[in-house]
Amino acid sequence: MNYWLMKSEPSEVSVDDVLASPGQQVDWFGVRNYQARNFMLRDMQVGDGVLFYHSSCAQPGIVGVAVVSHLALPDETQFDPASHYYDPKATREKPRWFCVGVRVLRKTECLSLQALRQHPDLSSMPLLARGNRLSITPVSAGQWKVIQGLLQESSN
DNA sequence: GCCAACGTTGGC
DNA sequence: GCCAACGTTGGC
């Protein structure tokens, strides 16, 4: 069982959007970075824990707890010429991009990037590394535990 | 809107 | 395979 942090721009897909979706589930379309793709394709398993993170917004931070709900499948947007995520080099026979399913279990108070940076036990999170841009990063069991504690505190 | 950091592309 | 140019991410 592994843990992950997944970034989404709330203007595109917010945690509320996912909660309003059938099954509170979303296919994690639009990833166009090989490292993030490979996490989905090779490493993510159904049931893995996911921290749902809002990026490129007024208050970036963790806003929900989720799980991986299905293994990686071809990302349909790569085949759609009308999509922002269209990839002319991808074919149905040889898809390039994949997406796992993510089911939101609960929305939380926003645990801000600033708060995460202030916590000494989280300083080694890839999310917090200088210059990090990866939209999917691994979270250690220890980090997961610390963050669950922080999310619990802020909900009281 | 700025810009640091990083990824990708393509000429050579 | 190098690397300059360019594009993107994402916090501020």
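On a predicted model such as this, the values are computed, not experimentally measured, just so you know. Only this structure's heavy atoms are used, side chains among them; waters, hydrogens and symmetry mates stay out. Chain letters run A, B, ... following the sequence lines, proteins first and then strands; every chain starts at 1.
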Rounded to whole angstroms, how far apart are [atom1] on [X] and [atom2] on [N]?
X       : N       : atom1 : atom2 : answer
W97(A)  : dG7(B)  : CH2   : P     : 13 Å
N33(A)  : dC6(B)  : CG    : P     : 13 Å
L134(A) : dG10(C) : CG    : C1'   : 13 Å
R96(A)  : dT9(B)  : CZ    : C1'   : 11 Å
Q35(A)  : dT9(C)  : CD    : C1'   : 14 Å
I136(A) : dG10(C) : CD1   : C1'   : 16 Å
N132(A) : dT9(C)  : CG    : P     : 13 Å
H84(A)  : dG7(C)  : NE2   : P     : 14 Å

Q: Please work out whether the ring planes of W4(A) and F39(A) are parallel, tilted or perpendicular, with thresholds of 30° and 60°.
A: tilted
Q) Once the angle between the rings of Y34(A) and W97(A) is folded into 0 to 90°, is it parallel (under 30°), tilted (30 to 60°) or perpendicular (over 60°)? A) tilted
Q) Is it true that the side chains of T77(A) and D80(A) contain a donor and an acceptor less than 3.5 Å apart? A) no
Q. By a strict heavy-atom criterion of less than 4.0 Å, which residues belonging to residues 51-60 of chain A are in contact with DNA chain C?
A. Y53(A), S55(A), S56(A), P60(A)
Q: Assess whether one donor atom and one acceptor atom, taken from the side chain of R133(A) and the base of dT8(C), lie less than 3.5 Å apart.
A: yes
Q: State whether the side chain of D87(A) and the backbone N or O of Q78(A) hold a donor-acceptor pair below 3.5 Å, judged by distance alone.
A: no
Q) Between atom CD of E76(A) and atom CZ of F29(A), what is the distance when rounded to the nearest 0.5 Å? A) 12.0 Å
Q. Can D75(A) and R32(A) be counted as an ion pair, charged N to O under 4.0 angstrom?
A. yes
(Q) If the cut-off is 4.0 Å, is K7(A) near the phosphate of dT9(C), judged by side-chain N/O to OP1 or OP2? (A) no
